[in-house]
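Working notes, structure below.
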Amino acid sequence: MVPFRKEDARYFHGRDHEIQNLLTLVRQHHFLAVVGSSGSGKSSLITAGLLPKLDDPRNFPRGTWRSLSLRPGATPLEDLARVLGGPPDDSAAAVARSLAADPPAQRLLLVVDQFEELFSEVKAAPTRDAFIGRLKALRADPRCTVILTMRADFYGDLMNSTL
């Protein structure tokens, strides 16, 4: 199965209530987890549902959000640095750098799609903990919101993590 992309939003239907809930939640929280069974449409809900609404001036003024996304894969720290355009060691600098990109934005949304890869592909606990530490630092910045999508069968791994 291939998830809907942002440019497929006009074909994505049936999740209006969930999208509206996500819009409310990103206004109030800096960390969200979308957890569901495999193939339930978690990635599509975010990419074809939420992301286009963040760009809609009826929901937020233009230039409010910059959305970045990654999958953790086997090298989550390297992928995070690539997406943020530099090392994520200093979260405030990483957020500022991302928001200053062309065109500039006021808020950063970092989507970590298929977060379960952190548990299934990264065998070294220190690497997992370091990645989670970077996410915690990013979500602590009031300009940044982190959203995870994750298969429900990895919920126990998430709950036993430091996140």
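Small disclaimer: the values here were computed from a predicted structure and weren't measured. All values below were derived from every heavy atom in this structure, side-chain atoms included, with hydrogens, water molecules and symmetry-related copies excluded.
Heavy atoms only, all atoms of each residue included: Leu80 and Arg134 are closest at CD2-CB, 3.6 Å. Closest heavy-atom contact between Ala137 and Ser91: O-OG, 3.5 Å. In terms of heavy atoms, Leu68 sits closest to Ser98 at CD1-OG, 3.8 Å. Closest approach of Arg71 to Gln114, counting heavy atoms only: NH2-OE1, 2.9 Å. Taking every heavy atom of both residues into account, Ala81 and Pro87 meet most closely at CB-CA, 4.3 Å. Across all their heavy atoms, Arg139 and His30 have their closest contact at O-CB, 3.3 Å.
Between Asn59 and Leu54 the shortest side-chain heavy-atom distance does not fall below 4.5 Å. With a 4.5 Å cut-off on side-chain heavy atoms, Leu163 and Leu158 count as touching. With contacts defined as side-chain heavy-atom distances shorter than 4.5 Å, the pair Leu108/Asp141 does not qualify. For the pair Ile147 and Val26, the minimum side-chain heavy-atom distance is below 4.5 Å. Side-chain atoms of Trp65 and Leu51, non-hydrogen and from C-beta on, never get closer than 4.5 Å to each other. You'll find the side chain of Leu148 stays beyond 4.5 Å of the side chain of Val35, heavy atoms only. For the pair Thr149/Leu45, no side-chain contact is recorded, criterion being any heavy-atom separation below 4.5 Å from C-beta on. Contact annotation: the side chain of Val95 never approaches that of Leu84 to less than 4.5 Å [non-hydrogen atoms, C-beta and beyond].
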Stepwise side chain to side chain contact (heavy atoms under 4.5 Å, CB included) test for Thr162 and Lys136: CA-CA 9 Å; Thr162 58; Lys136 288 168 69 174; 4.2 Å; yes
Side chain to side chain contact (heavy atoms under 4.5 Å, CB included) between Val83 and Leu110, intermediate numbers included: CA-CA 9 Å; Val83 166; Leu110 178 64; 4.2 Å; yes
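Leu138 and Leu32 fall into different hydrophobic clusters, defined by Ile, Leu, Val, Met, Phe, Trp and Tyr side-chain heavy atoms under 4.5 Å apart, directly or through other members. Connection of Val111 to Phe154 is not established within any shared hydrophobic cluster, with ILVMFWY side chains joined at heavy-atom distances below 4.5 Å, either directly or through further cluster members. By the rule that hydrophobic residues join a cluster once side-chain heavy atoms approach within less than 4.5 Å of another member, Ile46 and Leu109 end up as members of one cluster. By the criterion of side-chain heavy atoms lying less than 4.5 angstrom apart, applied directly or through intervening Ile, Leu, Val, Met, Phe, Trp or Tyr residues, Val34 is not grouped with Met159; the two fall into different hydrophobic clusters.
Rounded to the nearest 0.5 Å, atoms CG (Leu70) and CZ (Arg82) are 7.0 Å apart. Taking CG from Leu25 and CZ from Phe31, the interatomic distance works out to 12.5 Å, rounded to the nearest 0.5 Å. Atom CG of Leu22 and atom CD of Gln20 lie 9.5 Å apart (nearest 0.5 Å). Remark: Ser67 OG to Leu50 CG distance equals 7.5 Å, nearest 0.5 Å. Here the straight-line distance linking atom CG of Leu23 with atom CZ of Arg58 works out to 11.0 Å at 0.5 Å rounding. Glu116 CD to Tyr155 OH: the interatomic distance, rounded to the nearest 0.5 Å, is 15.0 Å.
For the pair Arg151 and Phe119, the cation-pi test (distance below 6.0 Å, angle within 45°) is failed.
Between the side chain of Lys42 and the main chain of Ser37, a donor-acceptor pair closer than 3.5 Å is present. The main-chain N or O of Ser43 is never found under 3.5 Å from a side-chain atom of Asp113 such that the two would form a donor-acceptor pair. Not one N or O on the side chain of Gln106 forms a donor-acceptor pair closer than 3.5 Å with the backbone of Thr64.
Listed by chain and residue number, Pro76, Leu77, Val122, Ala124 satisfy the side-chain contact (heavy atoms from CB on, under 4.5 Å) test with Thr127 (two or more places apart in sequence, or in another chain).
Looking at Thr145 and Arg107, their side chains do bring a donor and an acceptor atom within 3.5 Å of each other.
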